[in-house]
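A short worksheet on the structure shown next.
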Amino acid sequence: MSALHEPVLRWYDAHARDLPWRRPEASPWSVMVSELMLQQTPVSRVLPVHEQWLERWPTPADLAAEPTGEAVRMWGRLGYPRRALRLHAAATAIVERHGGEVPADHAALLALPGVGDYTAAAIASFAFGQRHVVLDTNVRRVLARTVGGVELPAAHVTKAEKEAAAELLPEDEATAATWAVGVMELGALVCTAARPRCTECPVASLCAWRSAGYPAYDGPPRRVQTWAGTDRQCRGRLLAVLRDADGPVHPSRLEAIWAEEAQRARCLAGLVEDGLAVRTDAGTYALP
DNA sequence: GATCCGTGGTT
DNA sequence: TAACCAAGGAT
């Protein structure tokens, strides 16, 4: 047992947020939907969409029975709308391969669209109580500080990081599952990227970063996420028009929201290529 | 393995 | 206010 375990488990028991996908009655499907939505998206924005989603599509089969465009529309402004397509594709695969039940097997989860290393481990751990290394940005930051003594982890998950996290995983299955969600919650609420609340931290006295005097991050500069004028912005605006429309949209309405013609055409073609939009025989555009 | 993929709150 | 960043995945 690591010295970190008891304080984190105790802290989680006292401070865990009451989130819909954490409640005892939450289905594995509810957990899975939350995990796809939470990829790169804050909890506060996910909450209302998750509630609507589960109300409309309580099971994978309910979603799989709908056109993909309905998933894209319901996704709203959560961002990265391809996740909506992946969730729909995953629901279809669950119906086809797993009798409509979210699989508990890690390998089966990993094989689903939109489910990578993190998400497979998260679903297996949170929904099924299994023992897995659940390594998200929160956990990586907590371990970088408490164990590594640095402010922030590397840009991408390293092998050493995975091994360290595996070494830290409690042996008991149920304890491991609680540890996974607990250390993640600590990163989300206390050991935050900016202005960490170290005075509220249950493991402050064990923290290597704190002991070292909070040395500032000195790794390679993190690539700035440019936005204005990018294809991402253009795609977002185009899709917003399609999403907010009742039916097919005339190209003139798309031309009105992005001046640069070549970029607009490229992005529109990209949306069609990605399956986020379709071009009708009449030359209009719509959600699939 | 580097790059691409949305959105909006926070500082 | 511009920069940062939030439960990653696919290619």
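Below, chains carry the letters A, B, ... as their sequence lines are ordered, and counting in each starts from 1.
As rounded to whole Å, 15 Å separates atom C1' of C/dC5 from atom CG of A/Leu38. Summarising the geometry, the separation between CG on A/Leu87 and C1' on C/dA7 is reported as 15 Å, rounded to the nearest angstrom. At whole-Å resolution of the value, CG in A/Leu152 and P in C/dC5 are 7 Å apart. Rounded to whole Å, atom P of B/dG8 lies 18 Å from atom CD of A/Gln39. Counting to the nearest Å, the C1' atom of C/dA10 and the CG atom of A/Asp117 are 12 Å from each other. Regarding A/Met37, its CE atom lies at a distance of 16 Å from the P atom of C/dG9, rounded to whole Å. Rounded to an integer number of Å, the gap from A/Leu112 CG to C/dG8 C1' is 15 Å. One can place CG of A/Leu36 at 15 Å from P of B/dG6, the figure rounded to the nearest angstrom.
Listed for the A/Trp53 side chain is no donor-acceptor partner under 3.5 Å among the backbone atoms of A/Trp57. Of the possible donor and acceptor atoms, none in the side chain of A/Arg140 sits under 3.5 Å from a partner among the backbone N and O of A/Leu135. A side-chain donor-acceptor contact under 3.5 Å links A/Ser211 to the backbone of A/Cys207. Of the possible polar contacts, one joining the A/Gln130 side chain to the A/Ala104 backbone as a donor-acceptor pair under 3.5 Å is found. A donor-acceptor pair under 3.5 Å links the side-chain atoms of A/Arg73 to the main chain of A/Arg243, judged by distance alone.
Other residues, nucleotides and ligands contribute over 12 non-hydrogen atoms within 6.0 Å of the CZ atom of A/Arg17. For A/Arg56, the CZ atom counts as densely surrounded, since its 6.0 Å shell holds more than 12 non-hydrogen atoms of other residues, nucleotides or ligands.
Look at the P atom in both C/dG9 and B/dG8: the space between them is 23 Å, to the nearest Å. C/dA7 and B/dA2 have their P atoms separated by 23 Å, with the value rounded to a whole Å.
Among the heavy atoms of the strands lying under 4.0 Å from A/Ala193 are primed sugar atoms or P, OP1, OP2 only; no base atom is included. Within 4.0 Å of A/Gly79, counting heavy atoms only, lies at least one base atom of the nucleic acid. Residue A/Leu78 is classed as a base contact, given a heavy-atom separation below 4.0 Å to a base.
Note on A/Leu47 and A/Met74: same hydrophobic cluster, where clusters join Ile, Leu, Val, Met, Phe, Trp and Tyr whose side-chain heavy atoms are under 4.5 Å apart, directly or indirectly. Under the 4.5 Å side-chain heavy-atom criterion for grouping Ile, Leu, Val, Met, Phe, Trp and Tyr, A/Leu110 is not connected to A/Met32 through any hydrophobic cluster. In terms of hydrophobic clustering, with Ile, Leu, Val, Met, Phe, Trp and Tyr side chains grouped at heavy-atom distances under 4.5 Å, A/Val241 and A/Leu78 are assigned to different clusters. Linking ILVMFWY residues whenever their side-chain heavy atoms come closer than 4.5 Å, directly or via other members, places A/Leu54 and A/Leu36 in the same cluster. Both A/Leu87 and A/Leu112 belong to a single network of hydrophobic side chains, linked directly or stepwise wherever heavy atoms of I, L, V, M, F, W or Y lie under 4.5 Å apart.
Defined by atom type and a distance below 3.5 Å, a donor-acceptor pair is present between the side-chain atoms of A/Tyr80 and A/Arg232.
Heavy-atom distances under 4.0 Å link DNA chain C to A/Asp136, A/Thr137, A/Asn138, A/Arg141 of residues 132-141 of chain A, given in residue order. For residues 15-28 of chain A, proximity to DNA chain C is found at A/Arg17, A/Leu19, A/Trp21, A/Arg22, defined as any non-hydrogen atom under 4.0 angstrom from a strand atom. Only at 4.0 angstrom or more do the heavy atoms of residues 250-273 of chain A sit from any atom of DNA chain B, so none qualifies. Listed by residue number, the members of residues 158-187 of chain A with any heavy atom below 4.0 angstrom from DNA chain C are A/Met184.
Distances shorter than 4.0 Å separate some side-chain N or O of A/Thr119 from OP1 or OP2 on C/dG9.
Salt-bridge check for A/Glu185 with A/Arg22: passed, with a basic side-chain N closer than 4.0 Å to an acidic carboxylate O.
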Strictly under 3.5 Å: I want the nitrogen or oxygen pairs between protein and nucleotides 1-5 of chain B, one per line.
| unit_1 | atom_1 | unit_2 | atom_2 | d |
| --- | --- | --- | --- | --- |
| B/dC5 | O4' | A/Arg82 | NH2 | 2.7 |

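Comparing A/Ser44 and A/Thr41, the nucleotide of DNA chain B nearest to each residue sits closer to the 5' end for A/Thr41. Projected onto DNA chain C by closest heavy-atom contact, A/Gly114 and A/Phe126 fall at different nucleotides, the more 5' of which corresponds to A/Phe126.
Every pair tested for salt bridge (Lys or Arg N to Asp or Glu O under 4.0 Å) that includes a residue from residues 31-52 of chain A fails, sequence neighbours excluded, so the list is empty.
Rounding to the nearest 0.5 Å places OG1 of A/Thr280 at 9.5 Å from NE2 of A/His250.
For A/Arg45 and B/dT7, a side-chain-to-base donor-acceptor distance below 3.5 Å is present, hydrogens and geometry of angles not being considered.
Between A/His50 and A/Trp21, the two ring planes are perpendicular [angle over 60°; tilted spans 30° to 60°].
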